[in-house]
Amino acid sequence: MTGGLWRLDSSDGELLLRTGVAGRAARMGHRLTIDMTRWHAKVQWDGADPVAVELEIETDSFEVLRGQGGVKGLSGPEKALVRSNALKSLGASRFPRIRFATDAVEETGEGYRLAGSLEIRGKSREHVIDLRTEDFGDSWRMSAESAVHQSDYGVKPFSLLMGSVQVADDVTVSFTAVRAKGD
């Protein structure tokens with residue numbers, strides 16, 4: 001992996017969120033898979049070593065792909081309602097961007113450990129992401145999975161039926177992208 005500056009966006013890969021369900025009536029709720037459709041990342045290189053990574057996501061850029069579980073399937077209007085509720089919880093109109101920026105990049109056996117700050121709803125906290133890399137000859141594949149506690153950032157997980165069904169506080173963020181060598 002060499003080069004001065006890499007730019008990646010949703011045309012290079014995907015950024016997915018997976019939610020869980022909590023509460024006394026959790027069986028009634030859906031475990032959601034959400035696609036963040038507008039994001040971009042920059043990777044700064046010093047020779048063959050990545051030295052800085054920045055990721056910015058447009059808060060309102062998500063699409064509910066599917067809901068697993070629940071009493072019945074998730075319909076189109078229900079997906080729209082999920083999106084609307086999530087935008088309110090995230091304060092998307094006031095906080096239009098979610099950001100991650102590294103303070104340190106460390107090589108590991110499987111890729112790189114990215115240590116930095118994650119900012120959601122205007123609140124920044126330290127966050128570490130283990131990024132796996134795979135060499136496919138003519139391209140690199142990068143992937144990561146990381147848990148985010150919504151309440152750490154002032155996000156109140158959505159609930160209904162007086163809290164009997166609620167989105168779990170932990171959200172899993174997964175990232176996968178492919179970058180051609182020589183780009």
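Position 1 is the first residue of the sequence; numbering continues from there. Source: prediction; values computed, not measured.
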If hydrophobic clusters are built by linking Ile, Leu, Val, Met, Phe, Trp and Tyr wherever their side-chain heavy atoms come under 4.5 Å apart, do [X] and [Y] end up in the same one?
| X | Y | result |
| --- | --- | --- |
| L87 | L15 | yes |
| F95 | I57 | no |
| L131 | V51 | no |
| V64 | L16 | no |

- [ ] Kindly indicate whether a cation-pi arrangement holds for R141 with F136, taking the cut-offs as under 6.0 Å to the six-membered ring centre and within 45° of the axis.
- [x]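 Pair R141/F136 does not count as cation-pi.
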Using a 4.5 Å cut-off on heavy atoms from C-beta on, say whether the side chain of [Y] contacts that of [X].
| X | Y | answer |
| --- | --- | --- |
| T172 | E145 | yes |
| D170 | V148 | no |
| E110 | T133 | no |
| W6 | K42 | no |
| E54 | R99 | no |
| V178 | D12 | no |
| E14 | F175 | no |

Which distance, rounded to the nearest 0.5 Å, do you find between the [atom1] of [X] and the [atom2] of [Y]?
| X | Y | atom1 | atom2 | result |
| --- | --- | --- | --- | --- |
| D169 | K156 | CG | NZ | 12.0 Å |
| S93 | K88 | OG | NZ | 11.0 Å |
| E134 | T176 | CD | OG1 | 9.5 Å |
| S146 | L114 | OG | CG | 10.0 Å |
| H40 | L8 | NE2 | CG | 11.0 Å |
| E126 | L118 | CD | CG | 11.5 Å |

Which heavy atom of [X] sits nearest a heavy atom of [Y], and at what distance?
| X | Y | result |
| --- | --- | --- |
| S89 | V155 | O-CG1, 3.9 Å |
| R121 | L90 | CG-O, 3.1 Å |
| A180 | S139 | CA-CB, 3.9 Å |
| R18 | S174 | NH1-OG, 3.0 Å |
| K123 | D152 | CD-O, 4.4 Å |

Task: Enclosure of R97 CZ (heavy-atom neighbours >12, cutoff 6.0 Å) - done: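 Yes - once you tally the heavy atoms of other residues, nucleotides and ligands closer than 6.0 Å, there are more than 12.
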Open item on the list: Tell me if the centroids of the rings in F62 and W39 come within less than 6.0 Å of each other.
Closed with: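 F62 vs W39: aromatic centres not under 6.0 Å.
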- [ ] Look only at the side chain of T59 and the backbone of P96, and say whether a donor-acceptor pair between them is shorter than 3.5 Å.
- [x]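 Here the side-chain-to-backbone pair exists.
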TODO: Please check if the side chain of S124 supplies one atom and the backbone of S117 the other of a donor-acceptor pair under 3.5 Å.
DONE: no
Open item on the list: So if I apply the side chain to side chain contact (heavy atoms under 4.5 Å, CB included) rule between I34 and each of V173, L17, L65, which one comes out positive?
Closed with: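 Result for side chain to side chain contact (heavy atoms under 4.5 Å, CB included) with I34: L17.
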TODO: Classify the angle between the aromatic ring planes of W45 and Y112 as parallel (below 30°), tilted (30 to 60°) or perpendicular (above 60°).
DONE: perpendicular
Cut-off 3.5 Å, no hydrogens considered: what does the side-chain donor-acceptor table look like for residues 100-107, sequence neighbours left out?
residue, atom, partner, partner atom, Å
T102, OG1, V53, N, 2.9
T102, OG1, V53, O, 3.4

Task: Pairs satisfying salt bridge (Lys or Arg N to Asp or Glu O under 4.0 Å), at least one member in residues 57-66, at least two apart - done: R38-E58, R38-D60
Open item on the list: Between D35 and T37, do the side chains contain a donor N or O and an acceptor N or O under 3.5 Å apart?
Closed with: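 On atom types as modelled, these side chains do not qualify, holding no pair under 3.5 Å.
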